[in-house]
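Keep in mind that the numbers below use all heavy atoms, side chains included, and drop hydrogens, waters and symmetry copies. Fair warning: this is a prediction, and the values are worked out from it, not measured in the lab. Below, chain A is the first sequence line, B the second, and so on; all start at residue 1.
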There are 2 protein chains.
Amino acid sequence: MKVTINDVAKLSGVSIKTVSRVTNNEVSVRQATRDKVMAAIQELNYQPNLAARSLAGTKSYTIAYIYDNPNAYYIIDMQNGILSECRKQSFELLIHPCNSKSADIIEEIVSMIKQSRIAGVVLTPPFSEMPSVAERLTEIGVKFVRILSGRNVPDTDSPCIMVNDFDAAFEISQHLIDLGHTDIGFISGGKEHKSTLERIEGYKAALTKNSIDCREDLIIDGEYSFESGVKGAEQLLAKPNRPTAIFSCNDEIAAGALFASRLQNITIPEQLSIVGFENSPFSRQTWPKITTADQPNQTIAKHATALLINDIREQKPDEICEQITPSLLVRDSSGAVTN
Amino acid sequence: MKVTINDVAKLSGVSIKTVSRVTNNEVSVRQATRDKVMAAIQELNYQPNLAARSLAGTKSYTIAYIYDNPNAYYIIDMQNGILSECRKQSFELLIHPCNSKSADIIEEIVSMIKQSRIAGVVLTPPFSEMPSVAERLTEIGVKFVRILSGRNVPDTDSPCIMVNDFDAAFEISQHLIDLGHTDIGFISGGKEHKSTLERIEGYKAALTKNSIDCREDLIIDGEYSFESGVKGAEQLLAKPNRPTAIFSCNDEIAAGALFASRLQNITIPEQLSIVGFENSPFSRQTWPKITTADQPNQTIAKHATALLINDIREQKPDEICEQITPSLLVRDSSGAVTN
DNA sequence: TAGTTAAATGACAGCGCTGTCAATCCATTT
DNA sequence: AAATGGATTGACAGCGCTGTCATTTAACTA
């Protein structure tokens, strides 16, 4: 029926306090003792009662995930990743949808944190990119982990996951170059997103590295939407000396670009290569399927959560930040240049 | 800072037990006493400690949302709706992603429920359509609310929300008919979904009502995906005497159908009308935007949660089930027949 | 008015865990 | 071999609330 810490203590022949130490990953427990307890936990399939723990302790074992990002696929991936780490570490997850554009968003978050005794927060864009959020959270002493786009670790002592959009964009651009493309259009996401900026830089760096002139006229300002992909592609395809490949800042844009191209009876990838970014379901729902950069959101979220929980537990990890680079995923929308 | 039940008891001059009675809306408390306590609660801005309440009590105040549906937009909407009702009623929400196709899915759910002391579960398709889930939940005495597709309330005493796909499909079909269409193709979702079946029936009923022959060859078996929409539309458009309108079983299919049609240089809606279903972001991300049936998922989820919590609190509501009919949302992908 | 009963209220234990601090262990050192 | 001191471990109280059951109060009845 219900397995309590007492049962585990009895079975393993130690006090409940020691069992508690084991479940909380505290340091001063002899390895042999720890093993015994772990075995008992396994055997009984014991799960600590979270309510009791948070009642008794002064610490909180609840973390919050604040989201707003309208990209549902991204949120679900993140949420699933966070959740799996929470389960592993016996933390609770509080989901907090909110509107990042609301004027008093920061105070809303703060009051939620106080209400629910939150120990830490997982921050994804746009929240992770708002300095004021990080500041205020530090101020009230709540830990947080940020998932950010960038190449170098920011100057901070809060944990973070850096998604290396630059390198990934470089790699995917190199892929196009290797296929013989030299006129490569670029449809960007909103410039307010760090990820957009990084991807543009990676794209430019790849061109430079291969001694290809970067035609500024092939870089279209867009946003992360299907519609923007349609419009961006239309602009690019109308140009004299039109590109033989299009790097879309994400898969949704790529899907739009694909749509627009097919409307003009351009065959993909024979007459035009299109690549996306993120490996979201969009990239698999089109025909042909889109070559993209696989951004393992669920893994990223899991790691981020692990870093956050480490920090909450005040265990100084080897690394406070991790870097993850999305990897090239070649599918059917990219091919060699044909004349 | 922290206000406990003790503070309220002292301020209002009663025992903590009486305060507890008031916060839990128990019956045998004199009105005058209740008022005094309420005033104190107000003054101190007291919020009961949920952890303590669930530790001490035999009752649980946590409900779970089990999801698997690969449609991220749907899940997020549902989740947000459930969450808003939970907050209102001081319930906690446990999110439980899982795989509905796993062999021991039911036992996994049961064990999660026991582990986390869940009082009730919100069930959406496919779980809400699995009789075994409802049976097992009843067996272990856990309340649940189901969100189902259908016209008539099932024979049960568990609460549910019936989404009247039939009427909505009828209405959207009637819209096409009113525009002059008589040859209307239909691309279905997977037949394992009740929603698909209901939508087909609604479509057929509308044809019949208007004395239009139902051409079985215009009904294409598909599934809920973009790709399926592409293929379905290709099949329909290849037919002699091809349809002048396509009813797609959901927006994703509609987006695919739109894509396929544009590939063939068919203009929408002049040469072909396309309608979707659900009012998901897909229907807004295309060009032209898709006429669809607005299924207010967040509202549905909120109502479902309210019904569930009522049931948990053993308050007999007037109605145990509610019926919601998605309403026609005319956009730009449907137009009058032109010759 | 006293007696009877139902309604209202309170005293108290205890939910399962963690914090505190004292007790014990064990590898050193002397 | 005894002393030392840091590393382990355990005893016990108590977190804020609810369930149980005893007690008090109010509301009738005869």
Five-pair end axes of the helix from C:dT1-D:dA30 to C:dT30-D:dA1, angle between them (10°):
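What I find for the helix from C:dT1-D:dA30 to C:dT30-D:dA1 is an axis angle of 40°.
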
Could you work out, with side-chain hydrogen bond (donor to acceptor under 3.5 Å, both in side chains) as the rule, every residue matching [X], not counting sequence neighbours?
X	value
A:D294	A:N279
A:N49	none
A:R146	A:S158

Report yes or no: does B:S128 contribute a side-chain atom to a donor-acceptor pair with the main-chain N or O of B:I147 at less than 3.5 Å?
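Side chain of B:S128 to backbone of B:I147, a donor-acceptor pair under 3.5 Å: yes, one is there.
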
Which pairs would a plain distance check flag for residues 8-21 of chain A, meaning a side-chain donor or acceptor within less than 3.5 Å of a matching protein atom at least two apart in sequence or in another chain?
unit_1	atom_1	unit_2	atom_2	d
A:S12	OG	A:V8	O	2.7
A:S15	OG	A:K17	N	3.4
A:S15	OG	A:T18	N	3.3
A:S15	OG	A:T18	OG1	3.4

Hey, can you pull the donor-acceptor pairs under 3.5 Å for the side chains in residues 27-41 of chain B, sequence neighbours left out?
unit_1	atom_1	unit_2	atom_2	d
B:Q31	NE2	B:D35	OD1	3.0
B:R34	NH2	B:E26	O	2.8

Side chain to side chain donor-acceptor pair (under 3.5 Å) partners of residues 91-113 of chain B, not counting sequence neighbours, each pair once:
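For residues 91-113 of chain B: A:R87-B:H96, B:D68-B:S100, B:H96-B:E108, B:S102-B:D104, B:E107-B:R136.
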
Between the protein and nucleotides 6-8 of chain D, list every N/O to N/O distance that falls short of 3.5 Å.
none

Among all residues two or more places apart in sequence or in another chain, which pass the ring-ring contact (aromatic ring centres under 6.0 Å, His included) test with A:Y46?
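A:Y46 satisfies ring-ring contact (aromatic ring centres under 6.0 Å, His included) with no residue once adjacent residues are dropped.
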
A:K302: which residues meet the salt bridge (charged side-chain N to carboxylate O under 4.0 Å, His left out) condition with it, sequence neighbours left out?
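So A:K302 forms a salt bridge (charged side-chain N to carboxylate O under 4.0 Å, His left out) with A:E85.
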
Is there a side-chain contact between A:S15 and the phosphate of D:dA11, meaning an N or O under 4.0 Å from OP1 or OP2?
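Indeed not, no polar side-chain atom of A:S15 lies that close.
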
Under 3.5 Å, sequence neighbours excluded: what are the donor-acceptor pairs made by side chains of residues 74-81 of chain B?
unit_1	atom_1	unit_2	atom_2	d
B:Q79	OE1	A:Q79	NE2	2.7
B:Q79	NE2	A:Y67	OH	3.2
B:Q79	NE2	A:Q79	OE1	2.7
B:N80	OD1	A:Y67	OH	2.4

Any chance you could list the contact pattern along nucleotides 14-20 of chain C? Use B for base contacts, S for sugar-phosphate-only contacts and - for none, protein heavy atoms under 4.0 Å, 5' to 3'.
BBBBBBB

